[in-house]
Amino acid sequence: MLDKTLTPSSFETRLYEGWERSGAFAADPNSAAQPFTIMIPPPNVTGSLHMGHALTFTIQDTLIRWRRMQGRDALWQPGTDHAGIATQMVVERLLAAEGNQDRRSMGREAFLERVWQWKAESGGTITKQLRRLGASLDWPRERFTMDEGLSAAVREVFVTLHKQGLIYRDRRLVNWDPKLLTAISDLEVESREVKGSLWHLRYPVEGEPGRFLVVATTRPETMLGDTAVAVHPADARFADLIGKKLVLPLVGRSIPVVADEYSDPEKGSGAVKITPAHDFNDFEVGRRHGLPMPSVLDAEARVMLAEIAAELRAVEGVADPAFVQGLDGKDRFAARKAIVAKLEELGLIETIEPHTHQVPHGDRGGVPIEPRLTWQWYCDAGTLAKPCVEAVETGRMRFVPKQWENTFFAWMRDIQPWCVSRQLWWGHQIPAWYGPEGTIFVEKTEAEAQEAARKHFGQDVPLERDPDVLDTWFSSALWPFSTLGWPERTKEVARYYPGDVLVTGFDIIFFWVARMMMMGQHFMGGEVPFRDIYIHGLVRDEKGQKMSKSKGNVMDPLELIDAYGADALRFTICALTGPGRDVKLGRKRVEDHRSFATKLWNAARFLEMNGIAPEAAWDPAQAETPLARWVLDAANRAVAEADAALEAYRFDEYAAACYRFVWGGFCDWFIEFAKPVLNGSEGAEKAEIKGAAQHVLGVILRLLHPVMPFVTEELWDRFGYGPECSLIRAPWPQAVAVREAEAARAELDWVVALVTEVRAARAEVNVPPSVTTPLLVKDAAPESLARAARWIEAIRRLGRVTEITPLSGEAPKGVAQVVVGEATVMLPLAGVIDLGAERARLLKARGSAEGETRKIAAKLGNADFVARAPEEVVEENRERLAAAEAEIARLDAALARIAG
RNA sequence: GGGCGCUUAGCUCAGCGGUAGAGCGCUUCGUUUACACCGAAGAUGCCGGGGGUUCGAAUCCCUCAGCGCCCA
């Protein structure tokens, strides 16, 4: 016997282990079935399961379970990425907490060993948590971006791209994180609004004592590296200054005034100081005008004078080398204070206005990033992006929802060279070796580099390997094929590439999607890495706020699973995942949706109590009774709706179709109609209803399995539809042949309408539930009377009716009346009903029928409508008008009967 | 400043040319062989404002307003 209450925790772990142990999640490269592949966007190895994961993995698992049941050879590739900076930070923090020596003093090798040790101990957190969610990943195939195989792919790709000229070294400005001491991607930079000041500084014009050019800046400390001041060429205020020289305050260096459209006459003073080594825009201006580009801040963003020391010059009242020398080694913010104070003292500050502006911050380190001129490795993303743009334009790859392709195009068409080197230790060390005279040898191994160097120099030379590592996204970009064994020519690569769909959030389009596309197409013969890209929203809290630790509104999916079961969480997520919309999720929503799992459990329990059990031989095509045919037909439609919804990535519609059928159809009507039969004597009818019930329960369990895997598997096993843990591999339901479905639908619809009308009338005229009544039927067609007779038991039970008889002679006094199709049904309730309420009820029904009539009549009275609208629309309106008019007539008759 | 999206019942959202819907909440009633995480019934809408296209607009177009996100 099933327990009276559903307790998900009593079976979730057991079932998951059962599936995993039996190999139910495994892809089979030798299968004849058509593959279906989803590459998990590998979560960060330092991560733990949050709501965003719950959303994305519920969607992926729903898709993969559905396709697997459809008989596809499903591969859901698991794994994690090594998350260079994040992991390095985690381990460094750990070392600090343990009171151990820091990474630099322990050395690179020992540190990396410590990272691997951490990975072995803690790196599996998220993969364990994914199991709680029910994610059916092919675990034995789990990969890690730092695995030997994936590392070999990285070396192969780097060396190949280098030989093709698509990876090169360059000295340009990068986003430098002065806390983490590495270059970071512009995607790892976030703008934060900061309240600062706009300082208006006076730069003296050379040879014109007393004349100044005022520049406005938010970063006065960078002035040490100024090499020009730019004004707009069309700005009349400064026209005569163009080409003249200014004395750079404090430093004493002479710098030119240049004309450049970058300078915005509307902003600040209209003149802008140019510091090419410390600002991206200034860098471009510097390039255009051939300006020197001295750096004045070091890796840790402290003042560094080495590149300007030779040019320090004393100028009375303007520049003071001693002061500048005193800044050497000072932090950038301390230097700003000192410089502002000194300028103020010299009277070189015109005004200071409060100014709120966007300051780029590193998203990991949290400190303002510093544009910095360094040598780095770059990948020619522009060239790699072109075929990706084309693949989306021609439909070889498809964004769902489609509008995201705009975001993608906008970024891809304007993509900048991709800085792939990072000044970290944890990651794939760049396979580049430096020889004498700065020669570079890029090879897969040190031996090959040695060999190349020997060829070049004609003798063995000492080589030194580039200490930097590659951006984590570099290895993640290879994920769709490196996980399959590439560069080996494995059958997995041949079979599972390209994937069918990539599921991810829009915030990741630039990271995953774009980079996987670039590398996938370049290295896989132009073949795209996945055909569909399903973009879901973000999980927000009930009020629509982004979840964040600082706001304290985060929800823990594991805690919700503990409280309500994984199925409830998954079903909630599916039900709320509308197209292109964020998911507002609260505890209450999960609680609400849990009741659906409970409902399913209780319905199954009822069937079990009535001795309903799987009968594999039962043939739905032989069903004779209208009820069996009706429920089989409704199940067919539910399956069709679910399929269509899943094909279209409409998870909300899939959930709604299941909910409607299971609750609104199977439980509310089928089970209720079945009760009298199940209660009655054994015989063909009872056998058939039991047959239909077990058949449809089997359909329901399979239909719901992708979204509610645990409770469906538990019920499947307990009922004995198959061996333990076999639902996951059971065939997806298909429509069955139902004879005369149309007639069954008409019959049941009529009974439902009768019961509903009778219930409504009783409720509205305040008939106590304890009172039962006969029904007197007037003007009923013989078919209606026959139906009433066939369904009398169900109608008795559901409508609190005693018997149904045709009305003979006059209607009794004190009746409540309802209209069902052509018939008027009376409930003789003299002395019980409130006649006033009954009259009001009938008038209200008449009112709405009349409103309907007026609307349709007006439409049909419009000659243009009749002439131009499609014939079937006109015909449909004529029918509706006739029906509404007939209903008014019957209601009028009913009103007349109670009038006296 | 550029781009995208949203605005439909109290709340969360579907519908996107032809009868305005769902779930939750609310009100009333209810211990009938599953289920109170339940059952029955009921109320609630100028489909953001304005203009246009059309026989017909929540749905298509224009415009305005408010909200959100992304990129500068």
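Letters go in sequence order (proteins before strands), and every chain restarts at 1.
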Donor-acceptor contacts, no H, no angles, side chain residues 571-583 of chain A, under 3.5 Å, sequence neighbours left out:
residue: A/T572; atom: OG1; partner: A/A568; partner atom: O; Å: 2.6
residue: A/T577; atom: OG1; partner: A/I573; partner atom: O; Å: 2.5
residue: A/D582; atom: OD1; partner: A/L538; partner atom: N; Å: 2.9
residue: A/D582; atom: OD2; partner: A/R540; partner atom: NE; Å: 2.5
residue: A/D582; atom: OD2; partner: A/R540; partner atom: NH2; Å: 3.2

Qualifying side chain to side chain donor-acceptor pair (under 3.5 Å) pairs with a residue from residues 831-841 of chain A, counting only residues at least two apart or across chains: A/E838-A/R841
Protein-to-nucleotide contact annotation, 5' to 3' order, nucleotides 18-25 of chain B [B base; S sugar-phosphate only; - none; under 4.0 Å, heavy atom]: BBS--SS-
Just the table, please: protein N/O against nucleotides 58-61 of chain B N/O, every pair under 3.5 Å.
none

Dot-bracket encoding per residue of RNA chain B, Watson-Crick/G-U cut-off under 3.5 Å, | denoting interstrand: (((((((..((((....[..)))).(((((.......))))).....(((((..]....)))))))))))).
Sugar-phosphate, base or nothing in reach of A/K599, heavy atoms under 4.0 Å: base
Cation-pi, A/W418 ring and A/R515 (6.0 angstrom, 45 degrees): yes
Protein proximity profile, nucleotides 67-72 of chain B - base contact B, sugar-phosphate-only contact S, no contact -, cut-off 4.0 Å on heavy atoms: ------
Strand-adjacent residues in residues 640-654 of chain A, judged by heavy atoms under 4.0 Å from RNA chain B: A/R650
Contacts of type salt bridge (charged side-chain N to carboxylate O under 4.0 Å, His left out), residue A/D279, not counting sequence neighbours: none
Pairing residues for A/W750 by the ring-ring contact (aromatic ring centres under 6.0 Å, His included) criterion, not counting sequence neighbours: none
Pairs where residues 664-676 of chain A contributes a residue and the test side chain to side chain donor-acceptor pair (under 3.5 Å) is met, not counting sequence neighbours: A/E672-A/K675
Sorted by number, the residues of residues 601-614 of chain A with heavy-atom contact under 4.0 Å to RNA chain B: A/N602, A/A603, A/R605, A/F606, A/M609
Residues forming a ring-ring contact (aromatic ring centres under 6.0 Å, His included) with A/F399, sequence neighbours excluded: A/F408
